[in-house]
Novice: 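Before I ask anything, let me first share the structure, which is written out below as structure tokens.
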Amino acid sequence: MQYWLMKSEPDVFGIDDLKKVKTEPWDGVRNYQARNMMRDQMKKGDKIFFYHSNCDVPGIVGVMKVAKEAYPDHTALNPEGKYYDSKSSEDNPRWFMVDVAFVKKFKRTISLAELKEQKALVDMPLVRKGNRLSIMPVGESEWEYILNML
DNA sequence: GCCAACGTTGGC
DNA sequence: GCCAACGTTGGC
């Protein structure tokens with residue numbers, strides 16, 4: 001079992017949206033590092049922190065899990081869509097996605113500011129300056145530590 | 001293969 | 001809205 005963190009802008013798709021729909025294809029990832037993690041490492045049942053970015057209080061808001069392992073992100077094939085990539089094709093898909101399922105929403109947001117204060121978490125890419133990775137692995141000890149902050 | 005220009009992310 | 005950090009693109 002591995003642990004992850006995935007970012008999303010709540011204005012676009014937040015934890016409440018996921019709670020409503022239960023499962024959701026995590027489409028639109030257009031970063032190779034993030035793609036590789038989804039395609040090569042994420043396994044069904046892996047747990048994921050849901051992180052809200054670009055909002056009033058950025059931070060971790062809940063937990064989800066991998067419901068379906070990586071498959072081609074078809075939004076790359078739609079010329080009308082905002083995730084279109086002309087270099088991707090049906091035969092040779094460039095981008096992949098996983099399906100995620102809602103697990104729980106925390107009673108409160110564990111804010112980025114709070115996470116940054118934790119000495120135990122200084123090695124997390126999340127709290128490092130300039131980090132732009134939208135999907136990142138979380139160590140088991142970090143996972144437990146963060147849950148204990150609730 | 002280098003690197004400048006440009007676009008995007010995301011905190012503040 | 002600003003801007004730092006970083007990834008991607010494209011000329012050479």
Novice: With ring pair (Phe, Tyr, Trp, His ring centres under 6.0 Å) as the rule and sequence neighbours excluded, what pairs involving residues 105-150 of chain A come up?
Specialist: Tyr3(A)-Trp143(A), Phe49(A)-Trp143(A)
Novice: Which residues pass the side-chain hydrogen bond (donor to acceptor under 3.5 Å, both in side chains) test with Trp26(A), sequence neighbours left out?
Specialist: none
Novice: Sort and list the pairs that fulfil ring pair (Phe, Tyr, Trp, His ring centres under 6.0 Å) and have at least one residue in residues 58-102 of chain A, not counting sequence neighbours.
Specialist: Tyr32(A)-Trp95(A)
Novice: Report the residue (Asn131(A) or Asn54(A)) whose heavy-atom-nearest nucleotide on DNA chain C is the more 5′ of the two.
Specialist: Asn54(A)
Novice: Sequence neighbours excluded, which residues qualify as salt bridge (Lys or Arg N to Asp or Glu O under 4.0 Å) partners of Asp16(A)?
Specialist: Lys105(A)
Novice: Could you tell me which residues satisfy side-chain hydrogen bond (donor to acceptor under 3.5 Å, both in side chains) with Asp17(A), sequence neighbours excluded, listed by chain and number?
Specialist: none
Novice: For Glu114(A), what residues pass the salt bridge (Lys or Arg N to Asp or Glu O under 4.0 Å) criterion, not counting sequence neighbours?
Specialist: Arg108(A)
Novice: Apply side-chain hydrogen bond (donor to acceptor under 3.5 Å, both in side chains) to Trp4(A) and list each qualifying residue two or more places apart in sequence or on a separate chain.
Specialist: Asp46(A)
Novice: Going by the rule salt bridge (Lys or Arg N to Asp or Glu O under 4.0 Å), which residues pair with Arg30(A) if we only count those two or more places apart in sequence or in a different chain?
Specialist: Asp73(A)
Novice: Specify the residues of residues 121-129 of chain A, ordered by number, for which at least one heavy atom lies under 4.0 angstrom from an atom of DNA chain B.
Specialist: none
Novice: Counting only heavy atoms not in Asp40(A), do more than 12 fall under 6.0 Å of its CG?
Specialist: yes
Novice: Could you give the side-chain donor-acceptor pairs of residues 122-139 of chain A under 3.5 Å, partners two or more places apart or in another chain?
Specialist:
| unit_1 | atom_1 | unit_2 | atom_2 | d |
| --- | --- | --- | --- | --- |
| Arg128(A) | NH1 | Asp123(A) | O | 3.2 |
| Asn131(A) | OD1 | Leu133(A) | N | 3.2 |

Novice: Reading DNA chain C from 5' to 3', where do the contacts with chain A start and stop? Cut-off is 4.0 Å to heavy atoms.
Specialist: dA5(C) to dT9(C)
Novice: Where along residues 4-18 of chain A does a heavy atom come under 4.0 Å from DNA chain C, residue by residue in number order?
Specialist: none
